[in-house]
Amino acid sequence: MSRYLVTSALPYANGPIHFGHIAGAYLPADVYVRTLRMQGEEVLYICGADEHGTAITVNAEAEGIPYSEYVARWRGVIKDTFDRFGIRFDVWSGTSICPEHPAQSQEFFRRLEGNGFLEQQESEQLYCPHDRMFLADRYIVGTCYLCGHDKARGNECPACGQELDPLRMAVAACRICGTRPEKRKTRHWYLDLAKLRDEHIGQWFQQHEWKPNVTGFIGGQLKEIGLRPITRDMSWGIPVPADCAGSETGKVLYVWFDAPIGYISFTQEWARMAGKPDDWKRWWQDPDSRIVHFLGKDNISFHCLIFPSMLYGVKQGYQLPWAVPANEFYNLQGGKFSTSEKRTIPIEEFCARYDTEAARFYLLASSPESADSDWRWEDFQATVNAQLADKIGNLVTRVLRFLEKNYEGVIPPCDDATAAELDRVLFEECGTFGDPAEFTRRFQFRRACEQLIQNAVLANVFVDRLAPWTLRKTDPVRAGAVLATCCQWIALLARWMAPFMPAKAGSVWEMLGNAGRVEEAGWPKLPVAGAWRTLPAGRKLGAVGPLFAKIEKETVAEELAKLAPK
RNA sequence: GGCGGUGUAGCUCAGUCGGUAGAGCAGCGGCUUCAUAAGCCGCGUGUCGUCGGUUCGAGUCCGGCCACCGCUACCA
C-alpha cells in the first residue's frame with residue numbers, strides 16, 4: 001500500500017470554471033481518488049483557489065471592491081461548481097486565506113536563497129504613473145515595431161504573431177487607463193532554473209516516465225531554460241521575507257511562485273484542522289508518498305519542471321511528483337470555451353436542466369487524454385441515452401421490476417449447484433468483462449468508462465440467454481435463481497459505478513435493498529466463478545425507479561441553437 | 001519564426017515489443033418481449049494525411065512535405 005497525495009491545479013479566482021477545466025483537471029482526479037479510496041489506499045485530495053496576481057487586482061479595482069472580497073466571491077462560485085458535480089476535496093482553501101500559506105511560501109524563498117538558487121537583477125520596466133504600478137506586458141498596448149499594427153500587446157503582436165519587447169515600442173499606453181507609461185528601473189529576484197536543472201532536475205526528468213505530451217513539451221524547454229523572475233512590484237501577494245528583502249520594499253512573490261506552494265500549505269491547513277499539525281510531512285516528505293498532479297496542458301511546465309525545481313531546491317526532503325496526468329484541452333462543439341463570447345455552458349443552467357452524474361460520465365468518456373476533444377451535445381445525448389439509460393439503467397429496471405411483479409420484490413434463493421452452473425454461463429458464454437479500476441489507475445478514463453458499460457452488457461446478454469420470462473412458466477425456482485444472479489451482478493456494477501457516478505451508484509445500491517453507502521462496500525475483486533456473490537437471498541428490494549432520464553432530440557437542437565453565432 | 005499535439009471505417013476513437021487493420025455509435029438484416037419503444041445476434045476492403053527511406057515485412061521506426069489545433073515564459 002502506498003500513500004497518494006492527489007492535487008488538482010489551483011483554479012484562478014478570477015472567473016467561473018467551465019467544463020473544460022472540470023474534464024481536464026478535476027473530474028479525473030476525483031474519480032481517481034474515489035477509486036483508490038474504495039481500494040483501501042490512503043489518499044489525500046488537495047485543492048484551493050489561486051488568488052494573487054495582477055489580473056485579479058485589475059479586475060477587482062474595475063469593480064471597485066477589495067481584492068479579498070473579489071477573490072472570496074470567485075472562490076465561492078468555483079467551489080459551488082465542484083459541489084454540484086460531486087467533486088470532493090479533503091481540503092479546499094485559497095492562497096490569500098490559508099493561514100499557513102504566507103509563512104510556507106516565504107520559507108521556500110528563504111531556503112532557495114540560502115541554497116544559492118536565487119539571483120537579484122535590476123531591469124527596466126514600464127511603469128504607469130496613473131495606476132501607480134509596473135505593467136505586465138499584457139497590460140501594454142502599442143504600435144508593433146515590426147509590422148506597424150497599432151493595437152499590439154506588449155508581449156505579442158496579434159497581427160504578425162511576433163514576440164515583442166514592450167520597451168522598444170515607440171507608442172505605448174497602459175491598457176487599463178490609457179496613460180503613457182514611463183521606464184523605471186526595478187530590482188527583482190530570479191530563480192536559477194538552469195542551475196537546478198544541471199544539479200538534479202534535468203536528470204530526474206529524463207529518468208521519469210511521462211505521458212507523451214509531457215515528454216515532448218518539456219524536452220525542448222529544458223534546453224532553453226534560464227532565470228525566471230519570482231518577485232513583483234505590487235501589494236497583493238506574499239511579501240518577500242523581511243530578512244531577505246534588504247533595502248527593497250514593496251515586493252511580493254510572483255503569483256506563479258506562491259501558487260503551487262499552496263498544495264503544501266493547504267495540506268498543512270488540513271493537518272492542523274485534523275488535529276495532527278505535523279502530519280503534512282508524512283504526505284510531502286516521506287518516500288512512500290506518491291504525489292499525483294492533475295492538470296491541463298497549460299500547466300505542464302510548472303508541474304514537471306518549475307515546481308519540482310523548487311521542491312528540490314529547498315532541500316528539505318520533499319518528494320517530487322510521482323505522476324502528472326496532464327490532459328489536453330477540452331473544447332465546446334468544435335470551438336474554444338469562451339465565457340466572454342458566450343461560447344459556454346452556464347453551470348447553473350446546465351444543472352437545472354440535466355443530470356450532473358450523467359455529465360460526469362460523458363465528460364470522462366470524452367476526456368482529452370491524448371488529444372484535444374470536445375463536448376458535443378449530440379454525443380452527450382447518445383452517451384446518456386444509448387449507454388447509460390439503455391445499457392445500465394434498463395438492466396437495473398428490467399431485472400428489479402421483474403422481481404417486483406413476480407417474486408414479491410425479494411431476492412430469490414439460488415442453491416450452490418445452480419449457482420455453479422449459472423456462473424459458468426455468465427463467465428464463459430456471455431462475453432468479456434474487466435476491472436475498470438485497472439484503467440483508472442493508469443489514468444485511462446475513457447477506457448474505464450467503456451469497461452463499465454461492457455460489464456453491464458455482459459449482464460444483459462446473460463438475461464437474454466436465460467430468458468427468465470419464459471423459464472418462469474416451467475421452472476419458477478430456476479428463473480428466480482437467474483434473477484438472483486442478475487442482482488448479484490448489479491451489486492457489483494453499483495460498486496464499479498461509484499467513483500464515476502457516486503449518486504447513481506447509491507441509488508442502485510438502495511434499490512438492491514442495501515443499507516449503508518456503496519463506497520463503504522469497497523472495491524470488488526474481479527469476480528471469479530464460485531466466489532463473487534454477496535447479497536443474501538430473501539433480501540427485500542428497495543423502491544425501483546428509472547436511473548437516467550433520456551435526452552430528447554429537440555433539447556439537443558435547442559442547445560445547438562444557443563451556440564450558433566448570431 | 002520556434003516548439004508541441006493531432007491526422008486510421010459515415011461519426012468518435014483503440015492500435016503495447018514493427019508481422020497480412022480493430023471497437024463503440026450510426027446504418028442494414030434477424031431474434032426476443034422481462035424492461036426507460038429497452039435487450040440480444042449477424043453484417044465493416046478503409047490509398048491507416050502525403051512522398052521517400054530502413055526492413056524479409058511499417059498504421060507502428062527515420063526523414064521531407066501538407067492540413068488542423070495549441071503553446072511561445074514576467075500570462076495567471
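Just the heavy atoms: all of them, side chains too, but no hydrogens, waters or symmetry mates, feed the values below. Every value quoted in this text rests on a predicted model; they were computed, and no experiment measured them. Letters A, B, ... mirror the listed sequences (proteins, then strands); counts begin at 1.
- Nearest-nucleotide assignment on RNA chain B puts the 5′-proximal partner with Asp379(A), out of Asp379(A) and Cys430(A).
- A straight line from CD1 of Ile225(A) to C1' of C74(B) spans 14 Å, rounded to a whole angstrom.
- Under the 3.5 Å distance criterion, with hydrogens and angles disregarded, a donor-acceptor pair is assigned to the side chains of Ser366(A) and Tyr330(A).
- Under a 3.5 Å cut-off, the side chain of Thr7(A) and the backbone N or O of Tyr263(A) do not form any donor-acceptor pair.
- Within residues 461-491 of chain A, the residues that place at least one heavy atom under 4.0 Å from RNA chain B are, in residue-number order, Val461(A), Asp464(A), Trp469(A).
- If you take atom P in C68(B) and the same atom in G42(B), they sit 42 Å apart, rounded to whole Å.
- Atoms CG (Asn327(A)) and P (U6(B)) sit 14 Å apart, rounded to a whole Å.
- Atom CG of Asn460(A) and atom P of C40(B) are 5 Å apart (whole Å).
- Of the N and O atoms on the side chains of Glu357(A) and Tyr362(A), not one donor lies less than 3.5 Å from an acceptor on the other residue.
- In this structure, the side chain of Ser367(A) does not engage the main chain of Leu363(A) through any donor-acceptor pair within 3.5 Å.
- Taking atom CD of residue Glu378(A) and atom P of nucleotide G10(B), one finds them 18 Å apart after rounding to whole Å.
- Rounded to whole Å, the distance from CD on Gln454(A) to C1' on A14(B) is 14 Å.
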